[in-house]
Amino acid sequence: MTTMTETSARFREFKMPDVGEGLTEAEILKWFVQPGDTVTDGQVVCEVETAKAAVELPIPFDGVVHELRFPEGTTVDVGQVIIAIDVAPGSGDAPAPAAAAPVQEPAAEPEPAAEPEAEAEPKGRTPVLVGYGVAESSTKRRPRKGAAAAPEAAAVAAAVQAELNGHGAPAAPTPAPAVPVQGGRPLAKPPVRKLAKDLGIDLATVVPTGKDGIITREDVHAAAAPAAPEAPAAVASPVAPAPAVAEAPAVVSDSARETRIPVKGVRKAIAQAMVGSAFTAPHVTEFVTVDVTRTMKLVAELKEDKDMAGVRVNPLLVIAKALLVAIKRNPEVNAAWDEANQEIVQKHYVNLGIAAATPRGLIVPNIKDAHDKTLPQLAQALGELVTTARDGKTSPAAMAGGTVTITNVGVFGVDTGTPILNPGESAILAVGAIKLQPWVHKGKVKPRQVTTLALSFDHRLVDGELGSKVLADVAAILEQPKRLITWA
């Protein structure tokens with residue numbers, strides 16, 4: 001798969017690659033270069049966020065940055081050119097790059113003349129993943145509705161705005177600008193068209209405020225703002241009575257009382273995955289409350305052990321090891337349901353997922369072949385996983401191929417929960433807060449360290465007996481940690 005094209009012997013273009021597994025788009029989070037900067041093969045030029053993680057993109061050749069096609073904050077389809085490089089600077093006058101807004105100001109957009117290849121696709125062809133060409137399509141774009149009525153709508157909007165601003169008819173009213181069109185459609189730059197599509201706005205109904213009648217991002221957001229409450233019949237005309245003008249500020253206040261956040265990137269992927277899991281796999285959740293006083297003593301001892309020097313030791317480490325031992329004793333739980341082939345796929349390895357809350361949302365990276373790791377190795381892997389996740393550097397590969405997951409809701413002071421399976425996995429263990437509670441120990445009520453565990457599993461391939469055995473084994477190990485040795 002290639003991510004670059006050659007426009008001439010001098011200029012080369014770099015396309016948005018598929019940095020995950022079949023991803024179709026990514027958002028440009030940050031540019032590390034600007035036009036005129038010198039770059040070398042392998043140098044990171046930008047950071048993008050996919051539906052799975054934030055990824056840094058290196059440029060695959062040397063040269064000078066000629067043009068950045070998209071500003072920060074823009075969602076770009078896989079296969080679209082994002083940067084052009086002059087690989088032979090100084091060999092002659094370079095053609096002026098298509099007018100583009102400075103990247104440091106995300107609100108600005110590239111000029112229409114520089115619309116990316118996706119906008120100039122021939123009719124009947126749809127863009128697909130880079131490296132696979134384009135696919136033929138039998139569909140045709142329907143003409144946009146409302147284009148003819150747009151000038152009238154613009155005139156009404158301008159009259160109402162003048163009334164609100166001047167508390168009366170404007171002294172010298174000017175006709176509202178018509179919506180400029182080019183080739184039968186309103187003028188707007190590619191990212192603005194994408195924004196309008198995401199928000200369900202027909203550009204033919206948007207009043208432009210940009211230079212030369214170009215619709216801007218702000219125009220689209222204004223069109224998408226919550227509509228004012230329906231006015232009384234007396235306010236139906238463009239010039240409203242004075243009482244209606246006095247009520248105008250309330251409309252602005254109402255629209256400012258809520259914030260709309262576009263669902264994209266990791267949050268969008270989480271939503272889709274959770275809905276798919278919840279309505280595909282029949283979930284069953286079982287609970288057990290266990291005395292983990294001895295486990296907490298073991299954790300304290302391990303922190304002082306020289307063999308554990310340099311790694312982080314906490315209760316999650318012992319819980320993870322306990323789950324791995326329980327899976328070894330009940331290997332049937334480590335499986336996946338293959339709907340297409342109607343098969344249960346037994347996994348002879350454990351890629352242990354750890355749910356991690358990050359600024360970009362919940363992600364579940366996993367420790368590859370966790371079943372083969374010693375306790376110090378497992379502790380090191382856990383520490384690296386958490387650090388990478390918090391820094392937002394988890395790669396898509398680190399989140400692929402998980403078999404069983406642990407989610408530690410106890411860090412938030414929560415006693416337990418009913419976790420939803422990570423798609424493609426058979427079980428997930430939720431660990432609640434460890435609290436000092438009264439507990440019957442050796443016939444007497446004593447204060448003990450107690451927690452509640454919850455195991456959710458896919459009832460298509462894990463029946464109640466198997467799920468109960470796994471949960472009971474984890475609880476037994478945490479109550480008597482010496483079983484880590486006798487059962488291993």
Side-chain angles (χ1 to χ4, degrees), residues 7 13 16 25 27-28 35 66-77 79-84 95-127 137 139-162 173-225 227 260 262 264:
T7 57
E13 296 175 331
M16 177 68 73
E25 63 182 18
E27 178 185 353
I28 298 175
H66 178 61
E67 178 186 5
L68 305 181
R69 293 289 179 88
F70 297 96
E72 295 173 359
T74 303
T75 298
V76 181
D77 291 336
Q80 285 190 281
V81 176
I82 60 174
I83 184 173
V103 174
Q104 58 268 27
E105 298 183 10
E109 312 291 352
E111 293 293 337
E115 287 190 5
E117 298 172 7
E119 285 293 320
E121 292 280 4
K123 292 183 179 180
R125 295 165 69 83
T126 56
S137 171
T139 59
K140 296 182 179 179
R141 177 176 294 177
R142 291 181 296 178
R144 298 178 182 272
K145 298 179 180 180
E152 295 182 11
V156 172
V160 173
Q161 187 61 46
T174 57
V179 179
V181 296
Q182 183 180 50
R185 63 177 181 173
L187 294 179
K189 299 159 193 175
V192 176
R193 295 186 187 281
K194 177 70 165 58
L195 176 63
K197 179 180 178 182
D198 292 342
L199 296 178
I201 301 299
D202 185 350
L203 288 177
T205 65
V206 178
V207 179
T209 62
K211 183 180 179 182
D212 298 325
I214 295 177
I215 296 174
T216 67
R217 184 183 296 270
E218 289 72 22
D219 296 336
V220 175
H221 280 301
R260 293 178 177 267
K264 57 184 179 179

Apply the side-chain contact (heavy atoms from CB on, under 4.5 Å) test between I215 and each candidate in L187, V207, I201, V206; give the one that qualifies.
V206

Of all heavy-atom pairs linking G213 and P208, the shortest is O-CB, 3.4 Å

Roughly how far, to the nearest 0.5 Å, is OG1 of T75 from CD of E27?
4.5 Å

For side-chain contact (heavy atoms from CB on, under 4.5 Å), just list the numbers for T74 and R69, CA-CA rounded to whole Å, side-chain angles, deciding distance to a tenth of an Å, and then say yes or no.
CA-CA 10 Å; T74 303; R69 293 289 179 88; over 6 Å; no

For the atom pair CD1 (I82) and CG (L68), what is the distance rounded to the nearest 0.5 Å?
9.0 Å

Restricting to non-hydrogen atoms, name the atom on M16 and the atom on D77 that form the minimum distance, rounded to 0.1 Å.
CB-O, 3.7 Å

Residue set satisfying side-chain contact (heavy atoms from CB on, under 4.5 Å) with T216, at least two apart, ordered chain then number -> T209, E218, D219

Heavy-atom check, side chain of F70 versus side chain of Q80, under 4.5 Å
yes

